[in-house]
2 protein chains.
Amino acid sequence: MSVAPKRPKGPPLNAMRAFEAAARNVNFVAAAEELNVTPGAISQHIKALEGWAGTPLFRRNAQGVELTPEGQSLVPVFSAAFDQMADAARALRDLKPNADFHIAALPAVAQLWLPKRLRRIREELPEINFSVTAMENPPSLSREMFDLSIFFAVPDGSSNQIALAQDVIAPVCAPTLLDRAHCSNGFREIPILHDQTWNDDWFTWSRNVGFDLQIDASGPQFSLYSLAVEEAKASAGLLMGHLCLIEDALESKTLLFAHSRSCPTGRSLVVSLPSKTRQRSETSQVVALLSN
Amino acid sequence: MSVAPKRPKGPPLNAMRAFEAAARNVNFVAAAEELNVTPGAISQHIKALEGWAGTPLFRRNAQGVELTPEGQSLVPVFSAAFDQMADAARALRDLKPNADFHIAALPAVAQLWLPKRLRRIREELPEINFSVTAMENPPSLSREMFDLSIFFAVPDGSSNQIALAQDVIAPVCAPTLLDRAHCSNGFREIPILHDQTWNDDWFTWSRNVGFDLQIDASGPQFSLYSLAVEEAKASAGLLMGHLCLIEDALESKTLLFAHSRSCPTGRSLVVSLPSKTRQRSETSQVVALLSN
DNA sequence: GCACTAGCCTTAGTTTTTCTACACCAAGAA
DNA sequence: TTCTTGGTGTAGAAAAACTAAGGCTAGTGC
């Protein structure tokens, strides 16, 4: 009964957004990353929503969460709603005609590959303002406010992806190290530089090339590939080079091939675009200049 | 240029909601009422959104706001998005099978008309928990979490509305006053009770009946019709009675007709339901018992 | 069998945002 | 003129959201 004095409020929008992301990823940490907050924030949002609904939406296990049937049943309608919201947000942003052109890219790509091309693009299209955001995982271009992303991936053949170059890897090092290796007993005592995000590069290469390399996993670790590249240039050790990212260094002979064999990783440097209807007008020009 | 360190954030969801309501009503006060906040809150949300977009969405005039062309262009996509959100919210709420059945009604209806029927309905359907919210304006049943609303309105003929009774008005007063009027010179010196939300009732009636009543606009004013009814029962003056709301008092002769002529206002007491797909399973039973 | 580690989520407390109350302004109505 | 209506600005209060630190569980090494 009870004549309620207050209007019954709908569920909090931010909690709904958190739930949508968590349900899609089936993982609070991933959702947190996507929304740029800590997992705790997601946890609380979900709890608030569960409290509002009076039903648990996730089952919490030690090794992660899983959706309850109730939670599962909400996924389609929630995803549809936030797709629509993203469209609305995009419409709002596109009111400003010369808003920044937002590019998302892997940190390594943003630092090693993009600057040169961007400089040229800026000369061609000085009226466009670019903004580059580095991140580990490709964002959803339908949901987030990016106009273009550049990541390593296996192209899916859709028309919204353009493969720019195969990802080919080969061991490289500074000239001084190469000399030293020739004089002494090869590369045995030269440290191997590891990049955290591409930890299995050495394994991939050695397997592919058939070279039984006893990988020195204890070598220096770098959280950013560009740091590893700088160290390699400074003769700190052997780097597994992603050729498209170190073109300049190879050309200027700041880095040299330490072995004659290279190997493709199977992935490519891929430019992804939002669906046609959501693309900015400048997109095609930018893409043309990027893939020159 | 600029390698942005932070992910570009989308617009704040709550500000988007505020905008949607404001744009639909073209009125910040109405939007504030709808969202149960003060107009200041709406104003700030809109300002934030305009700041985010970099474009004004409303033109502020002294006597109200109007949408700019940019703002206007957003209305369809925003409305669609929040329709979807409302569906998602409803799906969330409906996970709990025995959630309260929410009824929205005019305060007068909630206090004078509903209690009797609700008592009977509760006897018939004891498993349903009812919650009644009084408000001046009918809520959007697709957007807000109500399952049913009861207001005075001109029925639109849609299948989601059921007209329960015509709204018929006639002057009434307590028996003692009627006696006094008969003894002395009629109703001249008996005060007229006014309800703030139905201020023109007296005008409507006198015009319709052709009775040239010099309306004493200086009579006591009541913000709630039920207060005026109580005062009338206590012999405080003449009340313009909405017959369907004072059935009991008329039957028990606590209030009597002060004039033989009654007049329909053209409106009816109307039950509104959400669209079929959004109705709770209990809805039809409740409606049947309400309209018995 | 017992520590140790690595993921992943939750809790407590703090920071940030959002809301309200109220004063104020401008334009039209009485 | 004064009143009314609708919006804005601000300071303080309330509420929401966030982060940092902690806890739980499963798997791993000894």
Side-chain angles (χ1 to χ4, degrees), chain A residues 5-7 9-52 56-68 71 136-137 196 199 217 221 223, chain B residues 6-7 9-52 56-68 71 136-137 196-197 199-200 203 215 217-218 221 223:
Chain A
K6 293 215 81 69
R7 243 171 148 110
K9 285 217 293 223
L13 294 178
N14 293 322
M16 291 174 81
R17 174 167 56 188
F19 169 74
E20 197 274 337
R24 190 156 28 76
N25 293 293
V26 203
N27 178 336
F28 287 9
V29 176
E33 222 148 274
E34 188 176 308
L35 300 180
N36 245 13
V37 293
T38 52
I42 302 292
S43 173
Q44 293 191 162
H45 277 311
I46 305 281
K47 199 142 59 78
L49 211 59
E50 289 178 325
W52 187 89
L57 301 170
F58 284 95
R59 197 164 308 120
R60 276 80 165 171
N61 306 316
Q63 69 276 25
V65 291
E66 58 182 330
L67 281 159
T68 59
E136 295 299 331
N137 299 112
Q196 297 206 317
N199 234 327
Q221 300 272 338
S223 62
Chain B
K6 293 215 79 73
R7 240 171 149 111
K9 285 217 295 222
L13 294 178
N14 292 320
M16 290 174 80
R17 174 168 55 187
F19 169 74
E20 197 275 337
R24 189 157 29 76
N25 293 294
V26 203
N27 179 336
F28 286 10
V29 176
E33 221 147 276
E34 190 176 308
L35 300 179
N36 246 12
V37 293
T38 52
I42 301 292
S43 176
Q44 290 178 252
H45 275 310
I46 304 282
K47 197 142 60 79
L49 210 60
E50 289 177 324
W52 187 89
L57 301 170
F58 284 95
R59 197 163 309 121
R60 276 80 165 171
N61 306 317
Q63 68 278 23
V65 291
E66 56 181 330
L67 281 159
T68 60
E136 295 298 330
N137 298 113
Q196 296 204 320
T197 53
N199 233 325
D200 44 0
F203 176 72
I215 297 167
S218 67
Q221 300 270 339
S223 63

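Bear in mind that the values here come from a model prediction, so they are computed numbers and not experimental data. Naming convention: chains lettered A, B, ... in sequence-line order (proteins, then strands); numbering from 1 in each chain. The basis for the numbers below is simple: all heavy atoms, side chains too, and nothing from hydrogens, waters or symmetry mates.
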- Query: What string of B, S and - do you get for nucleotides 7-12 of chain C, 5' to 3', if B is base contact, S is sugar-phosphate-only contact and - is no contact with any protein heavy atom under 4.0 Å?
  - Reply: -SSBBB

- Query: Rounded to the nearest 0.5 Å, how far apart are CG of Asn14(A) and CG of Leu35(A)?
  - Reply: 9.5 Å

- Item | Gap separating the CE atom of Met16(A) from the CD1 atom of Ile46(A), nearest 0.5 angstrom | 11.5 Å

- Side chain of Asn25(B), backbone of Asn27(B): donor and acceptor closer than 3.5 Å? no

- Can you list the steps and then say if Lys9(A) with Asn36(B) is a side-chain contact (heavy atoms from CB on, under 4.5 Å)? CA-CA 9 Å; Lys9(A) 285 217 293 223; Asn36(B) 246 12; 5.5 Å; no

- Message: My understanding is that only residues two or more places apart in sequence, or in another chain, count here; which of them pass side chain to side chain donor-acceptor pair (under 3.5 Å) with Gln44(B)?
- Response: none

- Tell me: CG of Asn14(A) to P of dT17(C), nearest whole Å? 12 Å

- Item | Residue list, salt bridge (Lys or Arg N to Asp or Glu O under 4.0 Å) with Arg17(A), at least two apart or on another chain | none

- Query: With sequence neighbours left out, what residues match Glu50(A) under salt bridge (Lys or Arg N to Asp or Glu O under 4.0 Å)?
  - Reply: Arg60(A)

- Query: Which two nucleotides bound the region of DNA chain D that has atoms under 4.0 Å from heavy atoms of chain A, read 5' to 3'?
  - Reply: dA17(D) to dA26(D)

- Query: Can you list every pair that meets ring-ring contact (aromatic ring centres under 6.0 Å, His included) and has a residue in residues 23-44 of chain B, with sequence neighbours left out?
  - Reply: Phe28(B)-Phe58(B)

